[in-house]
Amino acid sequence: MTSLVERTRVAKGAETLWRMIGTFGGVGEWHPMLSKVTSEGEQKGSLRIAETRDGSRQTERLLEKRPGRHAYRYRMEKTAMPVRNYIAELKVEDNGDETSTVVWSADFEPTADKEKTVQAIRGFLRAGLDNISTRCTAGMSNRPPTVVDVVADGLVRHGVEFILGQSVPTALVLACEDRGIRNITYREENMGGAIADGFARASGRVPVLICQNGPAAALAVAPFAEAMKAGTPIVAIMQEVDRSHIGKNAFQEYDHKALFAPVTKWIHVIDSADGIDDHLDRAFIAAASGKPGPAVLMLPVDLHKARAGKVVHRETRLGNWPIDRPRPDDGVIVEAAKLIDNARLPIIIAGGGVHNSGAGEALLRFAEKAAAPVGTTSMGKGSIPETHPLAMGVIGNLTGPGGLGRQTKPLVQEADLVLLIGNRTNEDGTDGWSLIADEACVLHIDIDPQEIGRNYEAVRLLGDARATLDALTDTLGSHTRDRSAIEGRIASAWESFESERAPFLADSEPIRAERVLASIQKRLGPETVIAADASYSSSWVAGQLRTRHATTRVISPRGLAGLGWGLPLALGAKLARPNGDVIVVVGDGGFAHGWAEMETAVRIGIKVTVVVLNNGVLGYQKDAEMAKFGRYTAAGHLGHVDHAAIAHACGGYGERVERVRDLDAAFDRAAESDKLALLDVLTHPGAHPPIALYDGTLDRLENGRVIQNPVP
């Protein structure tokens with residue numbers, strides 16, 4: 001089920017506004033996309049037939065009307081839209097200050113292209129609300145709009161439902177709240193940027209972050225760097241010092257252009273009250289077009305309440321991404337299709353760009369027509385369901401003893417053609433650039449021209465992953481490959497992997513991380529989001545979970561791979577999917593970077609389950625040092641922390657799990673909690689994922705059994 005909520009705030013009392021818009025059959029009087037509406041009446045069960053200006057019709061039945069609460073609910077009976085089980089509610093909320101907020105929400109199941117359907121329905125709801133707001137403008141203040149008024153109105157136009165921030169720029173926050181845009185206050189900007197990142201990845205919508213100049217802005221640099229690497233859009237609106245104070249060492253003044261230049265796609269400091277809508281739209285376009293990334297718009301303090309220049313009504317909505325879907329020329333597509341048709345064994349390695357493009361269905365259609373196995377990077381995990389016969393799961397650097405990649409890497413290296421999709425060909429994703437055979441023909445689809453050919457000479461397929469894959473699939477001819485034999489090899493790889501890791505799934509203690517992930521595996525549903533912190537957490541999730549549904553998402557900060565972003569990514573994902581289960585896997589070391597955001601989750605009402613793999617060590621740091629140098633530094637061991645107690649202190653639910661027999665029941669209790677729940681699982685300090693670095697150093701195979709040498 002998909003849920004949408006749109007709202008607008010107007011300077012009319014709830015009672016007055018309800019008289020204007022509260023009749024079931026009167027929707028045609030204020031909705032600009034409707035040309036004619038006929039209705040049976042205002043009683044429960046009444047039908048209304050609405051005709052749109054493009055000639056389509058929809059029939060809706062009134063389910064409930066509550067005049068005292070200024071609300072009614074209705075169900076879509078017949079429609080040309082590709083949806084089913086569509087139920088919506090229109091209500092007016094009294095704000096207690098002679099203003100009110102109109103809230104229009106809808107729950108439905110898309111039966112065709114989900115992204116286009118959601119955009120169309122959101123556009124319909126928004127158009128109605130915007131027209132209500134326009135009609136009520138005369139009742140608002142007669143003062144001319146200020147700069148922050150124009151910015152806030154622009155955010156409404158782009159479909160922004162909340163901003164992520166503290167309280168500065170204050171005038172902007174107040175203007176947003178006046179328009180029904182919620183301010184979700186994070187505890188610290190580093191984590192706030194990661195919340196925005198998680199929301200963007202899980203929703204396909206552009207998040208808006210606000211923060212103060214100086215040290216607050218500096219704290220946003222790290223998550224912006226992750227978003228730049230991962231290709232995630234963020235629009236950041238930041239305070240700048242008064243224009244007349246620039247260069248005078250004003251309070252918290254800094255050279256923000258120099259600060260953000262390496263980690264943003266675009267930055268602009270507004271220097272006048274003219275063209276504010278132009279600047280805001282440029283920020284959204286920069287963030288959400290091409291390879292997405294952060295865009296920063298800076299508002300000097302003296303302009304916040306300044307009278308805006310000429311304001312022109314705009315309708316362009318830029319709040320969803322990607323904005324554009326370019327693809328290669330037909331001639332390039334034809335040549336690439338011929339290479340694929342003639343290949344003996346084509347292999348696909350899908351990266352995070354597949355998710356960014358929403359190209360999962362297109363990839364599956366291509367793979368099936370081409371009989372091409374699909375492996376992924378960690379960020380591309382779940383590009384197609386990993387239970388599909390052509391799915392090889394994550395390869396990357398998980399090629400040590402006991403890793404699935406150890407079983408599938410030989411198949412990749414046999415390939416005479418490798419198709420890279422949204423893949424940065426980075427070190428971990430290519431197993432130290434050893435994954436692809438030197439003689440293989442490489443084709444590379446990417447929206448970023450600089451990524452194509454970075455490490456492998458490739459046929460350039462510059463464009464959006466979904467649009468390019470659709471064009472390729474439609475152009476493919478015939479081939480002579482034996483798909484059943486290919487699928488048999490993939491199935492054998494999975495079987496060997498399951499056999500090698502089986503001893504680590506036993507109910508032994510200390511609890512192995514693999515056993516914890518086995519409990520999470522049981523809880524993967526179509527709308528589940530699994531978030532992971534960097535380092536071992538993302539490796540455990542990438543290598544141990546197997547997705548079954550095309551809509552299950554796995555999110556990890558592998559763009560820059562910084563510690564501490566697991567929890568905020570999960571919070572952003574939950575904001576994007578409020579009806580889905582969100583589980584985040586973190587290590588005790590990385591989790592310490594962002595404990596405070598548990599209070600954010602409790603305060604805002606964001607329900608996620610946090611699983612802390614608490615082994616008392618910085619696992620990767622310690623193990624990698626031992627593998628490389630034969631010893632490790634004093635940073636390897638951590639002090640004892642009762643994470644469950646911290647969760648309780650923040651107002652959430654917390655539980656320590658020391659016995660494997662208690663693990664599944666603890667997950668059940670966490671799922672039943674109505675607030676943030678944390679499981680502090682004491683895990684084996686010597687356990688580590690099957691990373692290639694440990695093959696022959698910490699790990700080995702003896703008679704088909706994986707032997708791991710724990711680091712003391």
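Remember, predicted model here, so these are calculated numbers, not experimental data. Numbering of residues begins at 1 and proceeds along the displayed sequence.
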Aromatic plane relationship, Trp104 with His31 - under 30° parallel, 30 to 60° tilted, over 60° perpendicular: perpendicular
Sidechain-backbone polar pair: Thr52 side chain, Ser56 backbone, donor-acceptor under 3.5 Å: yes
Nearest non-hydrogen partners of Phe24 and Ser39, listed with the distance: CD2-OG, 4.1 Å
Derivation and outcome, salt bridge (Lys or Arg N to Asp or Glu O under 4.0 Å), residues Glu177 and Arg182: CA-CA 6 Å; Glu177 291 180 344; Arg182 184 185 185 193; over 6 Å; no
Thr547 side chain to His549 backbone, donor-acceptor under 3.5 Å: no
Lys310 NZ: over 12 foreign heavy atoms closer than 6.0 Å: no
Under 3.5 Å: donor-acceptor pair, side chain of Ser133, backbone of Thr8: no
Charged N-O contact under 4.0 Å between Asp277 and Arg157: yes
Expected output: side-chain Arg553 to main-chain Arg201 donor-acceptor under 3.5 Å: yes
Stepwise side-chain hydrogen bond (donor to acceptor under 3.5 Å, both in side chains) test for Thr387 and Arg548: CA-CA 6 Å; Thr387 51; Arg548 298 188 297 267; over 6 Å; no
Partners meeting side chain to side chain contact (heavy atoms under 4.5 Å, CB included) with Asp274 (sequence neighbours left out): Ser272
Rounded distance (nearest 0.5 Å) linking atom CD1 of Ile21 with atom CD1 of Ile132: 4.0 Å
Pair Thr146-Asp149, side-chain donor/acceptor within less than 3.5 Å: yes
Ion pair Arg7/Glu93, N-O distance below 4.0 Å: no
Derivation of the side-chain contact (heavy atoms from CB on, under 4.5 Å) call for Arg126 and His158: CA-CA 9 Å; Arg126 193 68 250 167; His158 294 312; over 6 Å; no
Donor-acceptor contact below 3.5 Å, side chain Ser289 vs main chain Ile285: yes
Gap separating the NE2 atom of His304 from the OG1 atom of Thr170, nearest 0.5 angstrom: 8.5 Å
Minimal non-hydrogen separation, Gly198 against Ile555, with atom names: O-CD1, 4.3 Å
CA sep, side-chain torsions, deciding dist, call: Asn183, Phe162, side-chain contact (heavy atoms from CB on, under 4.5 Å): CA-CA 6 Å; Asn183 180 26; Phe162 63 84; over 6 Å; no
Donor-acceptor under 3.5 Å (Thr551 side chain, Pro526 main chain): yes
Flag if over 12 foreign heavy atoms under 6.0 Å of CZ, Arg57: no
Ring-face cation of Arg48 near Tyr74 (centre distance under 6.0 Å, axis angle within 45°): yes
Evaluation steps, side-chain hydrogen bond (donor to acceptor under 3.5 Å, both in side chains), between Asp94 and His70: CA-CA 9 Å; Asp94 190 345; His70 304 138; over 6 Å; no
Flag side-chain contact, heavy atom, 4.5 Å: Asp581 against Thr609: no
Test item: Arg603 side-chain N/O and Thr185 main-chain N/O as donor-acceptor pair under 3.5 Å: yes
CG on Asp470 to CD1 on Ile333, rounded to 0.5 Å: 10.0 Å
Non-hydrogen atoms of Val37 and Gly25 that approach each other most closely: CG1-O, 3.7 Å
Backbone N/O of Asp113 and side chain of Thr117: donor-acceptor pair under 3.5 Å: yes
salt_bridge(Arg282, Asp278) N-O dist < 4.0 Å: no
Any Asp197 side-chain heavy atom under 4.5 Å of Ile195 side chain: no
Salt bridge Lys381-Glu386, side-chain N to carboxylate O under 4.0 Å: yes
Residues Glu115, Arg466: salt bridge by 4.0 Å N-O rule: yes
Distance in Å, Leu299 CG paired with His268 NE2, rounded so as to fall on 0.5 Å steps: 9.5 Å
Exam field: side chain Arg61 to backbone Gly45, donor-acceptor pair closer than 3.5 Å: yes
Steps toward side-chain contact (heavy atoms from CB on, under 4.5 Å) verdict (Val102, Leu90): CA-CA 7 Å; Val102 188; Leu90 181 73; 3.9 Å; yes
Closest contact, heavy atoms only, Val374 versus Ala367: CG2-CB, 3.7 Å
Pairing of Glu64 and Lys44 as salt bridge, 4.0 angstrom limit: no
Check: Arg84/Thr111 side-chain N/O donor and acceptor closer than 3.5 Å: no
salt_bridge(Arg314, Asp281) N-O dist < 4.0 Å: yes
Within 6.0 angstrom of Arg69 CZ, more than 12 heavy atoms from elsewhere: no
Heavy-atom neighbours of Glu361 CD exceed 12 at 6.0 Å: no
Residues Asp324, Arg327; criterion salt bridge (Lys or Arg N to Asp or Glu O under 4.0 Å); working and verdict: CA-CA 10 Å; Asp324 310 306; Arg327 70 166 182 84; over 6 Å; no
Asn320 side chain to Gln119 side chain, donor-acceptor N/O pair below 3.5 angstrom: no
Inter-residue atom distance Met238.CE - Leu209.CG, 0.5 Å rounding: 5.5 Å
Between Ser3 and Asp107: side-chain donor-acceptor atoms closer than 3.5 Å: yes
Donor on one side chain, acceptor on other, Ser357 and Asp464, under 3.5 Å: yes
Minimum heavy-atom distance between Trp321 and Gly231, given as atom pair plus value: CZ3-O, 3.8 Å
Closest approach of Ala194 to Pro223 (non-hydrogen atoms, all atoms of both residues): N-CB, 3.8 Å
Identified side-chain contact (heavy atoms from CB on, under 4.5 Å) counterpart of Ile181 within the set Val156, Leu172, Val173: Val156
Close side-chain approach of Ile270 and Leu303, heavy atoms under 4.5 Å: yes
Atom pair OG1/CG of Thr468 and Leu472 - distance to nearest 0.5 Å: 7.0 Å
Arg365/Asp474 under salt bridge (Lys or Arg N to Asp or Glu O under 4.0 Å): CA gap, chis, key distance, verdict: CA-CA 10 Å; Arg365 190 166 72 97; Asp474 293 341; 3.2 Å; yes
Side chains of His388 and Glu368, donor plus acceptor under 3.5 Å: yes
Any donor-acceptor pair under 3.5 Å from Lys265 side chain to Lys291 backbone: yes
